[in-house]
Amino acid sequence: MSDQTGIGTGGQPGVVIIGAGTAGVTAATTLRNSGYEGALTLLSAESGLPYRRTALSKDLMAADLSVERISLQKPDFWDAKQIDVRASVRAMAVDPDARTVTLDDGTTLDYRALLLATGGSPLRPAWLDAAVPTLRTRDDALGIRDAIAASGGLVVIGGGLIGLELAASAAAHGHRATVLEAADRVAGRVVPAVVSDFLAGIHRERGVDIHTGACAESATGGEVACVDGSRHAGTVVAALGMAPDLALASSAGAETVAEGIVVDGSLATSVAGIYAAGDAAALPDLRTGQPVKGEHWFGATDQGKAAAQSILAGLDGREAPRFTEVPRAWTMQYGVNVQMVGWPSADGDVRVDGEVTAGDATVTTHVGGDLVGAVTIGRAAAARELRTQIAAGLGSSV
Ligand SMILES: Cc1cc2nc3c(=O)[nH]c(=O)nc-3n(C[C@H](O)[C@H](O)[C@H](O)COP(=O)(O)OP(=O)(O)OC[C@H]3O[C@@H](n4cnc5c(N)ncnc54)[C@H](O)[C@@H]3O)c2cc1C
């Protein structure tokens, strides 16, 4: 175990991971499972033990959102693995020359390798009143749940996956729900039009009021005004996307872009000894090579694993492996499981196998004849094979 300075019992500084979401937790677990025996510190700005963020929107109105039910690991896991989890501790700055992290209590931690797994924060456009909540943490979820229960209705600004899951959760528990989406279809960034239509359809069947082309121009905690003059009353929640957390990377002098902390194909940042993974990181896209934003659970998990292997390689002076995992994500609405692999919203030829409206279909996207992305509806098992096919087409392995 490390002491308060982040130095292990062997007297050597160890690995410090900032952020205890899935990227940070997976990296810590992988390090231990791969035989790393040095000091390992996991810092979390949130209170309590690490939990599954994805449950927050799906189980929003469920009675039990307790940390025990949605935790990522059992409480005794951390001691058993000798991972020093420090909750309610925020890292404030990184000094890459001294290899130290300054914490919000003024103390510093030494590190040999540092992983930035700091995730991101919900986007808040200037027109959004400060009273409008966003959903990122368990505390956010508990506040939103109480507000919906009190008002009896939800108005979500943003018809992406999180906005739709929130609406599904509210509607399934008998509350009025309205979704306002500025684009001409819901979830347009992540799925082809035929899947957007399916998702809008299953909401409308349950009485959710879905408005596309609905551009919000102002919002308070109880009402949204749209550019077309319409007004929508209820508990307002903004689900407009996520901005990666770049502050620590910048304090360390690491290169950043709007999409995240720039990392190479082995998750190393531009600063020696510092790695980044998950929503905070911008990896080279496997198709274009351009830095691309994270935003999905499995991507963050896969990157956490890969970052741990790169850190181990770095500590041993070996060449780090290259990250070749094809993107994957999922959503669950009204019990319908939708899996997305590769680049299903790419501009290409969309083919459908099965009955989309029946919730039993595979929708594939092809560019130049090559399979680049797929969405399975109610066919989760098929997604794995499709991902393998997409990887084979890229010349990478999954
Ligand atoms: C409500 C919701 C539902 C979602 N549902 C899905 C889904 O169904 N499918 C899917 O694929 N994806 C989903 N996602 C996205 C997915 O949850 C994220 O991609 C994933 O959680 C990213 O993991 P991460 O470890 O990179 O970051 P995070 O989970 O954001 O963890 C980062 C942690 O770092 C901490 N931190 C930040 N700065 C500091 C600091 N300076 N010091 C200490 N700690 C710090 C933060 O407080 C946070 O706890 C959902 C996201 C949300 C918000």
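Along the sequence shown, residues are numbered consecutively beginning with 1. Note: hydrogens, waters and symmetry copies are ignored here, and every other heavy atom, side chains too, is used. Counting convention: from 1, in listed order, for ligands and their atoms alike.
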**OP:** Tell me which part of Asp279 gets within contact of ligand 1: side chain, backbone, both or neither, using heavy atoms under 4.0 Å.
**Re:** both
Original post:
When you measure from atom 41 (N) of ligand 1 to every protein heavy atom, which one gives the shortest distance, and what is it?
Top reply: Ala91 O, 2.9 Å
Original post:
Can you say whether the rings of Phe298 and Trp330 are parallel (under 30°), tilted (30 to 60°) or perpendicular (over 60°)?
Top reply: tilted
Subject >> Minimum-distance protein heavy atom relative to atom 34 (O) of ligand 1 >> reply: Gly19 CA, 3.1 Å
**OP:** Could you find the nearest protein heavy atom to atom 30 (O) of ligand 1 and give me its residue, atom name and distance?
**Re:** Arg136 NH2, 2.6 Å
Original post:
Any N or O of Trp330 that comes nearer than 3.5 Å to an N or O of ligand 1?
Top reply: yes
Subject >> Proximal atoms of ligand 1 relative to Gly278 (non-hydrogen, under 4.0 Å) >> reply: 26 (O)
Subject >> Sidechain N-carboxylate O distance under 4.0 Å for Asp353, Arg379 >> reply: yes
**OP:** Return yes when Gly294 approaches ligand 1 closer than 4.0 angstrom through a heavy atom, no otherwise.
**Re:** no
Subject >> Distance from atom 10 (C) of ligand 1 to nearest protein heavy atom, with residue and atom >> reply: Trp297 N, 3.4 Å
Original post:
Any idea which protein heavy atom is nearest atom 32 (C) of ligand 1, and the distance to it?
Top reply: Ala117 O, 3.4 Å
**OP:** Counting heavy atoms only, name the option from Arg53, Glu46, Lys293 that's nearest to atom 29 (O) of ligand 1.
**Re:** Arg53
Original post:
What residue and atom, counting heavy atoms only, is the protein's closest point to atom 36 (N) of ligand 1, and at what distance?
Top reply: Thr118 O, 4.0 Å
Original post:
Can you check whether Thr108's main-chain N or O pairs, donor with acceptor, with Thr100's side chain at less than 3.5 Å?
Top reply: no
**OP:** Walk me through it: do Asp139 and Thr137 pass the test side chain to side chain donor-acceptor pair (under 3.5 Å)?
**Re:** CA-CA 5 Å; Asp139 289 345; Thr137 67; 5.2 Å; no
**OP:** Number the atoms of ligand 1 from 1 as they appear, then name those within less than 4.0 Å of a heavy atom of Arg90, with their elements.
**Re:** 38 (N), 39 (C), 40 (C), 41 (N), 42 (N), 43 (C)
Original post:
Heavy atom under 4.0 Å from ligand 1: found in Lys58's side chain, backbone, both, or neither?
Top reply: side chain
Subject >> Contact partition for Thr54 relative to ligand 1, non-hydrogen atoms under 4.0 Å >> reply: both
Subject >> Side-chain ion pair, Asp285 and Arg287, N-O less than 4.0 Å >> reply: no
Subject >> Within-4.5 Å side-chain heavy-atom neighbours: Leu123 and Met242 >> reply: no
Original post:
Can you list the ligand 1 atoms lying under 4.0 Å from a non-hydrogen atom of Glu165?
Top reply: 5 (N), 8 (O)
**OP:** Evaluate the side-chain proximity of Phe323 to Val263: yes if any heavy-atom separation is below 4.5 Å, no if none is.
**Re:** no
Original post:
Quick check: does Ala45 get an N/O under 3.5 Å from an N/O on ligand 1?
Top reply: yes
Original post:
Would the number of heavy atoms belonging to other residues, nucleotides or ligands and lying under 6.0 Å from CG of Asp76 be above 12?
Top reply: yes
Original post:
Is there side-chain contact between Leu180 and Val155, with heavy atoms separated by less than 4.5 Å?
Top reply: yes
Original post:
Between Asp349 and Arg351, is there a side-chain N and carboxylate O pair less than 4.0 Å apart?
Top reply: yes
Subject >> Numbering as shown, the atoms of ligand 1 that approach Ala23 to under 4.0 Å (heavy-atom distance) >> reply: 25 (O), 26 (O)
**OP:** Determine the minimum heavy-atom distance between Glu165 and Ser57, stating which atoms define it.
**Re:** OE1-OG, 2.6 Å
Original post:
What are the atoms of ligand 1, with element, lying closer than 4.0 Å to any heavy atom of Ser57?
Top reply: 1 (C), 2 (C), 3 (C)
Subject >> Salt-bridge contact Arg53-Glu46 (side-chain N to carboxylate O under 4.0 Å) >> reply: yes
Original post:
Which ligand 1 atoms does Ala300 reach within 4.0 Å, using its non-hydrogen atoms?
Top reply: 22 (C), 23 (O), 26 (O)
**OP:** State the atoms of ligand 1, each with its element, that fall below the 4.0 Å cut-off from a heavy-atom position in Glu295.
**Re:** 15 (C), 19 (O)
**OP:** Determine whether the side chain, the backbone, both or neither of Leu248 has a heavy atom under 4.0 Å from any heavy atom of ligand 1.
**Re:** side chain
Original post:
What protein heavy atom sits nearest atom 2 (C) of ligand 1, and how far off is it?
Top reply: Ile162 CD1, 3.6 Å
Original post:
Under a 4.0 Å N-O cut-off, is there an ion pair linking Arg387 with Asp302?
Top reply: yes
**OP:** Would you mind running through ligand 1 and noting each atom that sits below 4.0 Å from a heavy atom of Val89?
**Re:** 42 (N), 43 (C)
